[in-house]
Amino acid sequence: QTFQLPVTVSSSGGSSSGGSSSGGSSGSSSTAKIAAPTVLQPTHPGDIVGVHIDNTGEPAQASRVITFGQSFADGDLPAGSHLVALVNGHEIPLQIDVKTTNADGSVAFGIVSLKLPDVPAGAGLDVMLAKSTAAAASQAAVNVGNILSHGYNLSLDVNVHNADGSVTAHTVSAADALAQALAQGNLQTWMSGSLATEVRVDVKVTDQLTAQFDIRAQADGQVHTDVTMAHDNTFTTGNQNITYDLAIKSGGQTLFSDA
């Protein structure tokens with residue numbers, strides 16, 4: 001698969017597509033072809049799948065952590081084996097959070113995190129995911145709670161439009177919700193490792209609306225938060241539509257709004 005920075009990923013076995021256009025009084029035509037990216041193919045024992053990363057931006061991309069989902073065929077990554085990432089034959093830091101397994105116990109799907117080296121502007125990086133019997137040295141997982149002391153202050157403003165025409169304003173702090181969940185020990189962990197840790201925190205906005213914050217802290221210092229609004233009573237009787245406006249803010253700036 002292939003990633004671009006901003007990230008696009010291509011893996012072995014990609015496809016290409018093409019098209020043609022014609023026009024003008026001369027009746028001339030031209031054909032544009034889009035070629036699939038060249039992806040490193042498995043050639044050595046243990047090789048599983050090649051990954052190609054492109055930096056399509058102008059500036060060079062400094063070393064960073066990227067995360068993507070990866071499917072595996074039966075037996076590609078057997079139980080007891082370990083996944084490694086190779087660039088020019090040398091290992092780079094990797095984390096895999098296994099989500100499903102095949103009937104034989106091998107990994108079926110996992111979330112793969114890589115710490116990439118610097119990627120020059122307009123350049124690409126080839127990575128081979130391979131299996132190994134040697135386990136990597138144990139390292140402490142990224143502590144998601146540390147972001148609270150480094151300025152994490154994401155918040156969500158929700159204005160609910162009531163049936164009588166009035167508006168009820170709600171503000172939810174993702175940082176406060178994370179701190180409370182940490183104190184109570186009721187975090188839902190999705191990823192946990194030396195490169196990235198992601199947790200989910202649920203906050204009731206109203207009796208029917210819940211805000212879900214999926215908060216990921218990475219070893220490179222980056223923090224990602226996905227915000228989902230859930231209508232919890234969808235499958236109950238006496239349900240009704242809810243109309244609301246929302247704005248996601250951080251550091252005094254509005255990152256996203258919808259009305």
Side-chain angles (χ1 to χ4, degrees), residues 1-12 39-40 42 46-57 60-73 76-101 106-119 123-147 150 152 154 178 187-201 213-227:
Q1 44 190 348
T2 296
F3 291 94
Q4 293 177 341
L5 299 171
V7 180
T8 296
V9 179
S10 292
S11 63
S12 308
V39 178
L40 200 62
D47 287 355
I48 298 176
V49 62
V51 178
H52 183 75
I53 296 101
D54 277 326
N55 181 3
T56 59
Q61 178 65 61
S63 176
R64 61 170 291 183
V65 174
I66 68 167
T67 296
F68 56 93
Q70 181 64 52
S71 298
F72 298 89
D76 270 353
L77 192 59
S81 61
H82 304 276
L83 190 68
V84 296
L86 305 172
V87 175
N88 296 323
H90 300 284
E91 286 192 36
I92 62 172
L94 175 144
Q95 170 187 326
I96 180 170
D97 292 88
V98 177
K99 294 303 171 183
T100 60
T101 56
S106 62
V107 177
F109 184 84
I111 301 173
V112 176
S113 300
L114 304 176
K115 185 178 181 182
L116 302 179
D118 297 348
V119 182
L125 183 71
D126 288 310
V127 181
M128 177 57 67
L129 300 183
K131 63 182 175 183
S132 171
T133 56
S138 178
Q139 299 183 54
V142 174
N143 186 345
V144 71
N146 287 343
I147 67 175
H150 289 81
Y152 181 73
L154 190 87
L178 175 60
L187 288 173
Q188 304 172 59
T189 301
W190 179 244
M191 299 166 56
S192 179
S194 60
L195 294 184
T197 294
E198 182 174 315
V199 298
R200 169 171 289 184
V201 181
F213 299 100
D214 293 307
I215 305 168
R216 182 189 306 166
Q218 299 183 171
D220 58 8
Q222 297 295 311
V223 178
H224 302 268
T225 303
D226 290 335
V227 180

When every non-hydrogen atom of T67 is compared with those of M191, the smallest separation belongs to CG2-CE, 3.9 Å
Mind listing the closest non-hydrogen atom pair of S63 and K115 along with its distance? OG-CE, 3.6 Å
What distance separates S192 OG from L187 CG, expressed to the nearest 0.5 Å? 10.5 Å
For a side chain to side chain donor-acceptor pair (under 3.5 Å) check, start with the C-alpha distance between D220 and Q222, then their side-chain angles and the critical distance, and finish with the verdict. CA-CA 6 Å; D220 58 8; Q222 297 295 311; 5.2 Å; no
Going by heavy atoms in the side chains, are V51 and V112 under 4.5 Å from each other? no
Without swapping roles, check the side chain of D118 against the backbone of A62 for a donor-acceptor pair under 3.5 Å. no
To the nearest 0.5 Å, atom CG of D226 lies from atom CH2 of W190 at 12.0 Å
Report yes if the side chains of I48 and F72 come closer than 4.5 Å at any heavy-atom pair, otherwise no. yes
For the atom pair OG1 (T197) and CZ (R216), what is the distance rounded to the nearest 0.5 Å? 10.5 Å
Please check if the number of heavy atoms outside N143 that lie under 6.0 Å from its CG is greater than 12. yes
So, do F68 and I53 sit near enough that their side-chain heavy atoms are less than 4.5 Å apart? no
Would you check, one step at a time, whether the test side-chain contact (heavy atoms from CB on, under 4.5 Å) holds for R64 with Q218? CA-CA 9 Å; R64 61 170 291 183; Q218 299 183 171; 5.6 Å; no
Rounded to the nearest 0.5 Å, how far does CG of L40 lie from CE of M128? 4.0 Å
Closest non-hydrogen atoms of A134 and S132, given as atom of the first, atom of the second and distance, are N-OG, 3.1 Å
side-chain contact (heavy atoms from CB on, under 4.5 Å) for L129 and L77? Distances and angles first, verdict last. CA-CA 10 Å; L129 300 183; L77 192 59; over 6 Å; no
Could you pull out the closest heavy-atom pair between G124 and D54, with the gap in Å? CA-OD1, 3.7 Å
Can you name the nearest heavy-atom pair linking T189 to V199, along with the distance? OG1-CG1, 4.0 Å
Hey, is the main chain of L195 close enough, under 3.5 Å, to the side chain of Q95 for a donor-acceptor pair? yes
Answer yes or no: is there a side-chain heavy-atom contact under 4.5 Å between E91 and L86? yes
To the nearest 0.5 Å, how far apart are CD in E198 and CD1 in I111? 7.0 Å
Minimal non-hydrogen separation, S194 against V142, with atom names: O-CG2, 3.4 Å
Distance check, rounded to the nearest 0.5 Å: L125 atom CG versus I92 atom CD1? 6.5 Å
Is any side-chain heavy atom of V223 closer than 4.5 Å to a side-chain heavy atom of L154? no
